[in-house]
Amino acid sequence: MKLVRFDKDGAVSTGVVVDDGVIDLAKTGAPETDVLAIIAGGDEALTAIRSAIVGIAPHYKLTEVKLLAPYRPLKFLAIGMNYTKHAEEARKLGVVVPEKQFWFNKQTSCVSGPFDEIDPGVTEQLDYEVELGVIIGRPAKAVSAADALSHVFGYVVVDDVSARDWQRHSPTFTVGKSFDTHGPFGPWIVTADEIPDPHVLGLRTWVNGELRQDSNTSDLIHNINTQIEYLSTAFTLESGDLLATGTPSGVGVALDPPVFLKAGDVVRCEIDGIGAIENRVKG
Ligand code: MG
């Protein structure tokens, strides 16, 4: 199922995407329409939605609504240097590539919609990072790698937008990764049952139509299972937490010479089986 949050003529609603249309859950008998509550409700909530939309035709075309960020996560964690070639390009830039998983926070106030503008703010080194986003369903504490995927509710496309100059201000990366509007994700949540293997997905970034990143989640250094195992060893991953699982090579800062995003640039991030988000740089 593809769960989406959208704005239709100023009214915000939650829907299910069917082909090129949206079923508005508020216009069905669905018992729950809040995305976080649906995530927490898991299989039971999804079963209720499936029965509520049987025989209902989409209320709108996708082109008639504005898609919004699916919800605001509780925690928005991201792992750095988690694709081999990207770790190599980071090393060339003087970044120490850690042996352990390298996690940082994106403040959840950075969340924005899948087609919203990116505001550069004060950075002069605006960059993109396509990443597979993993949404935690059932809370996970001390979960083994083998059981980890049973705690995943669904998947999204994330652009871990980065202010490279500010990212280098501190070893935690947090400030330079958390500018307002620097966390677009979506375009909808694809529930885990539609992605039987999240480690075989092609992912790509285009800037103004030029292909910049082109890789596959099979190249992850620490896969999703070990990411959830590692984090849940330390703290509880709660329903709705969002994990950005790393970006492949091809980021602007690693090009020779570096090329940063500028006003008017259009960044398109796409992942097989999920969809694409597209964000223009405000100017
Ligand atoms: Mg990243």
Side-chain angles (χ1 to χ4, degrees), residues 69 73 75-98 100-112 114 118 120 123 125-135 155-186 198-199 201-207 212-217 219-224 226-228 230-231 241-255 258-261 267-271 274 276-277 279:
K75 295 193 278 295
F76 189 173
L77 290 153
I79 186 169
M81 292 160 284
N82 196 33
Y83 281 80
T84 312
K85 280 189 190 166
H86 177 61
E88 281 167 18
E89 68 185 8
R91 194 180 284 115
K92 281 182 194 157
L93 293 168
V95 177
V96 178
V97 178
K100 299 285 187 187
Q101 298 185 25
F102 178 93
W103 287 94
F104 56 87
N105 288 296
K106 284 175 83 74
Q107 301 302 300
T108 60
S109 45
C110 80
V111 161
S112 70
I118 296 167
T123 183
Q125 299 190 346
L126 185 68
D127 210 349
Y128 51 83
E129 295 190 350
V130 64
E131 311 206 6
L132 174 62
V134 170
I135 294 169
Y155 300 92
V156 290
V157 180
V158 173
D159 186 353
D160 175 19
V161 179
S162 305
R164 301 296 184 197
D165 39 6
W166 280 67
Q167 183 182 334
R168 287 189 290 266
H169 288 181
S170 76
T172 67
F173 287 11
T174 292
V175 178
K177 290 286 195 172
S178 295
F179 280 31
D180 291 349
T181 73
H182 289 197
F185 76 96
H199 297 112
L201 307 178
L203 69 175
R204 291 163 288 276
T205 300
W206 287 270
V207 177
R212 293 282 186 85
Q213 296 186 284
D214 185 7
S215 187
N216 192 289
T217 54
D219 290 333
L220 284 168
I221 296 171
H222 305 286
N223 70 16
I224 296 161
T226 57
Q227 291 180 24
I228 290 173
Y230 178 81
L231 292 173
D241 286 349
L242 175 58
L243 312 180
T245 56
T247 200
S249 60
V251 293
V253 69
L255 298 176
V259 180
F260 296 105
L261 295 170
V267 183
R268 180 180 175 85
C269 296
E270 176 188 272
I271 302 181
I274 302 177
I277 64 174
N279 306 92

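Atom set for the values below is all heavy atoms of this structure, side chains included, hydrogens, waters and symmetry mates excluded. Throughout, residue positions are numbered sequentially from 1 according to the sequence presented. All ligand and atom numbering here is 1-based and tracks the order in the structure.
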Would you sort out whether Thr123 and Asp165 count as a side chain to side chain donor-acceptor pair (under 3.5 Å), showing the intermediate values? CA-CA 7 Å; Thr123 183; Asp165 39 6; 2.6 Å; yes

Assess the side chains of Gln213 and Thr247: does a donor N or O sit below 3.5 Å from an acceptor N or O? yes

Could you check whether Thr174 and Asn105, counting side-chain N and O atoms only, form a donor-acceptor pair closer than 3.5 Å? no

Kindly determine whether His86 and Tyr83 satisfy ring pair (Phe, Tyr, Trp, His ring centres under 6.0 Å), including the steps that lead there. CA-CA 5 Å; His86 177 61; Tyr83 281 80; 7.9 Å; no

Under-2.8 Å neighbours of the Mg ion (ligand 1), protein N/O/S atoms only: 3

Using a 6.0 Å cut-off, check whether atom CH2 of Trp206 has over 12 heavy atoms from anything other than its own residue. yes

Working to the nearest 0.5 Å, report the span between CD of Gln167 and CZ of Phe104. 6.5 Å

